[in-house]
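Step one of this worksheet: look at the structure below.
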Number of protein chains: 2
Amino acid sequence: MSEHDDDLVFKALADATRRRLLDLLRDGPRTTGELCEPFAVTRFAIMKHLHALVTAGLVLVQRRGRERINTLNPVPIRRIQRRWLRQFEADAADRLLDLAQHLERPATSTRKKASRA
Amino acid sequence: MSEHDDDLVFKALADATRRRLLDLLRDGPRTTGELCEPFAVTRFAIMKHLHALVTAGLVLVQRRGRERINTLNPVPIRRIQRRWLRQFEADAADRLLDLAQHLERPATSTRKKASRA
DNA sequence: CTGACATGTGACCGAACGGTAACGTATCGC
DNA sequence: GCGATACGTTACCGTTCGGTCACATGTCAG
């Protein structure tokens with residue numbers, strides 16, 4: 001919804017460990033303990049990452065007995081894709097033209113000689 | 001191309017100011033001074049953000065006299081879209097089914113009666 | 001009940017981040 | 001040349017982040 005919600009998603013995706021967690025959850029729901037196994041860090045470190053993912057809406061949680069089932073919610077990622085990243089495809093052609101015009105002459109270049117650093 | 005490069009892109013996108021900078025650059029190349037105007041922060045703060053964007057490969061720079069031309073490079077965003085985010089669309093249907101099965105009972109819900117776990 | 005196990009929480013620490021201020025460098029206009 | 005201007009850099013500061021340790025809670029098994 002708001003810019004702030006998207007910010008949480010971007011910040012959640014900014015960490016490699018969290019992205020790996022999302023990768024694991026793409027195969028299906030997992031308990032917290034299962035999610036901890038592939039990582040070298042503490043279980044609590046993983047839980048804090050999970051908390052960040054839950055806050056961003058990327059992971060949904062249910063309790064089942066003494067276990068905690070973490071499920072991927074792909075909706076926020078799709079949202080920022082549609083609202084944010086898609087636009088860069090739309091303008092990509094224009095920007096690539098800019099780049100071509102500004103950078104395509106290695107020798108004569110933009111003004112005088114841009115050859116040297 | 002490595003995971004590390006993608007990490008730089010994700011980290012660059014994690015900041016709202018940097019995303020706004022990319023938005024501005026979607027309209028075309030801009031000098032550093034032009035990019036600073038819409039923001040309330042110091043010019044140098046913007047320059048540090050620009051440096052992060054350059055490091056991630058999202059912005060390309062050319063010098064023109066005493067000016068610095070910043071140009072959007074949409075390639076890295078497209079890369080992480082294709083390598084990373086697209087996969088979440090592929091598994092979205094499966095995960096949504098998981099969610100439906102686990103969460104579909106509305107009010108009485110989580111208690112023991114909905115045993116279908 | 002009791003113990004084992006899985007999950008949650010509070011306090012703390014070093015590193016990285018976002019920010020400012022002040023100073024330095026290079027280029028254009030006159 | 002010389003001042004104004006645009007860009008770049010060094011040093012520093014408070015906050016956030018990723019991480020650990022120790023401890024608390026809740027739940028299943030016997």
Side-chain angles (χ1 to χ4, degrees), chain A residues 3-4 7-22 24-25 29-56 58-71 102 109-114 116-117, chain B residues 3-4 7-22 24-25 29-56 58-71 102 110-112 114-115 117:
Chain A
E3 166 75 26
H4 174 252
D7 194 61
L8 290 178
V9 178
F10 276 114
K11 283 189 163 39
L13 292 177
D15 187 84
T17 302
R18 287 195 286 268
R19 289 199 301 276
R20 279 189 59 198
L21 283 170
L22 293 177
L24 293 174
L25 290 177
R30 293 285 185 274
T31 70
T32 302
E34 289 170 341
L35 289 176
C36 292
E37 290 170 9
F39 294 91
V41 298
T42 318
R43 177 179 55 86
F44 186 46
I46 299 298
M47 282 192 45
K48 280 168 65 170
H49 284 305
L50 280 174
H51 187 70
L53 292 171
V54 169
T55 301
L58 287 163
V59 167
L60 301 183
V61 177
Q62 318 133 252
R63 291 299 301 265
R64 190 181 61 190
R66 62 177 166 181
E67 292 183 331
R68 163 185 159 139
I69 311 293
N70 305 275
T71 308
H102 283 285
S109 110
T110 321
R111 273 179 47 98
K112 19 191 180 176
K113 55 154 45 163
R116 187 210 90 270
Chain B
E3 166 75 26
H4 173 253
D7 193 63
L8 290 177
V9 178
F10 277 113
K11 282 188 165 38
L13 291 177
D15 187 86
T17 301
R18 288 195 285 269
R19 290 198 301 277
R20 279 188 60 196
L21 283 171
L22 292 178
L24 293 174
L25 290 176
R30 294 284 185 275
T31 69
T32 302
E34 287 170 342
L35 288 176
C36 291
E37 290 172 9
F39 294 91
V41 298
T42 317
R43 178 180 54 86
F44 186 46
I46 299 299
M47 283 191 44
K48 279 169 61 171
H49 284 305
L50 280 174
H51 187 70
L53 292 171
V54 169
T55 301
L58 287 163
V59 167
L60 302 183
V61 176
Q62 318 135 254
R63 292 300 300 268
R64 189 181 62 189
R66 62 177 167 181
E67 290 183 332
R68 162 183 161 140
I69 311 294
N70 305 274
T71 308
H102 283 284
T110 339
R111 285 219 310 266
K112 220 39 199 294
S115 48

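Lettering of chains follows the sequences in order, A, B, ..., and the numbering in each one begins at 1. These numbers come from the heavy atoms of this one structure, side chains and all, not from hydrogens, waters or symmetry mates.
Between A/Arg63 and C/dT7, a side-chain N or O to OP1/OP2 separation shorter than 4.0 Å is absent. The side chain of A/His49 places no N or O atom within less than 4.0 Å of a non-bridging phosphate oxygen (OP1 or OP2) of D/dC17. Residue A/Arg68 places at least one side-chain N or O under 4.0 Å from the OP1 or OP2 atom of C/dG8.
Distance CZ (A/Arg64) to C1' (C/dG8): 18 Å, rounded to an integer number of Å. When rounded to the nearest whole Å, the span between CG of A/Leu8 and P of D/dC17 equals 10 Å. Between the CZ atom of A/Arg18 and the P atom of D/dT16 there is a distance of 15 Å, rounded to whole Å. Atom C1' of nucleotide D/dG19 and atom CG of A/Leu50 are separated by 15 Å, given to the nearest angstrom. Per the geometry, NE2 belonging to B/His51 stands 14 Å off C1' belonging to C/dG18, to the nearest Å. To the nearest angstrom, C1' of C/dT27 lies 14 Å from CD1 of B/Ile69. Between A/Met47 atom CE and D/dT20 atom C1' there is a gap of 14 Å when expressed in whole angstrom units. Taking atom NZ on A/Lys11 and atom C1' on C/dC17, their separation rounds to 10 Å, with Å as the unit.
Remark: of the listed residues B/Leu53, B/Asn70, B/Leu58, B/Thr71, B/Asn70 is the sole one forming a side chain to side chain contact (heavy atoms under 4.5 Å, CB included) with B/Leu25.
The shortest distance between side-chain heavy atoms of A/Arg19 and B/Asp7 falls below 4.5 Å. B/Thr31 is listed as a side-chain neighbour of B/Ile69, based on a closest heavy-atom distance under 4.5 Å. Here the side chains of B/Pro38 and B/Arg20 are in contact, with some heavy-atom distance below 4.5 Å.
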N/O contacts under 3.5 Å, protein versus nucleotides 1-3 of chain D?
none

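Map B/Thr42 and A/Lys48 each onto its nearest nucleotide of DNA chain C; the residue landing nearer the 5' end is A/Lys48.
The shortest non-hydrogen separation linking B/Thr17 to B/Phe39 is CG2-CE2, 3.7 Å. For A/Glu3 against B/Ala16, the heavy-atom pair with the smallest separation is OE2-CB, 4.3 Å. When all heavy atoms of A/Thr32 and A/Met47 are compared, the closest pair comes out as CG2-CG, 3.8 Å. Counting all heavy atoms, side chain and backbone alike, A/Ala12 lies closest to A/Ala56 at CB-CB, 3.9 Å. A pairwise comparison of heavy atoms in B/Cys36 and B/Arg43 identifies SG-CG, 3.4 Å as the closest pair. In terms of heavy atoms, A/Thr55 sits closest to A/Leu8 at O-CD1, 3.9 Å.
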Exercise for the section: Show the numbers, then the answer: is there a side chain to side chain contact (heavy atoms under 4.5 Å, CB included) between A/Leu35 and A/His49? Expected result: CA-CA 11 Å; A/Leu35 289 176; A/His49 284 305; over 6 Å; no
Problem - From CA spacing to verdict: side chain to side chain contact (heavy atoms under 4.5 Å, CB included), B/Leu21, B/Arg30 - result: CA-CA 10 Å; B/Leu21 283 171; B/Arg30 294 284 185 275; over 6 Å; no
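If you check distances only, the side chain of B/Arg43 does reach the base of D/dG8 with a donor-acceptor pair under 3.5 Å.
Of all the residues in residues 30-41 of chain A, A/Val41 reach under 4.0 Å from DNA chain D with at least one non-hydrogen atom.
Rounded to 10°, the angle separating the first-five-pair axis and the last-five-pair axis of the helix from C/dC1-D/dG30 to C/dC30-D/dG1 equals 30°.
Closest contact between the side chain of B/Phe44 and the listed nucleotides C/dT20, C/dG19, D/dG18 involves C/dT20.
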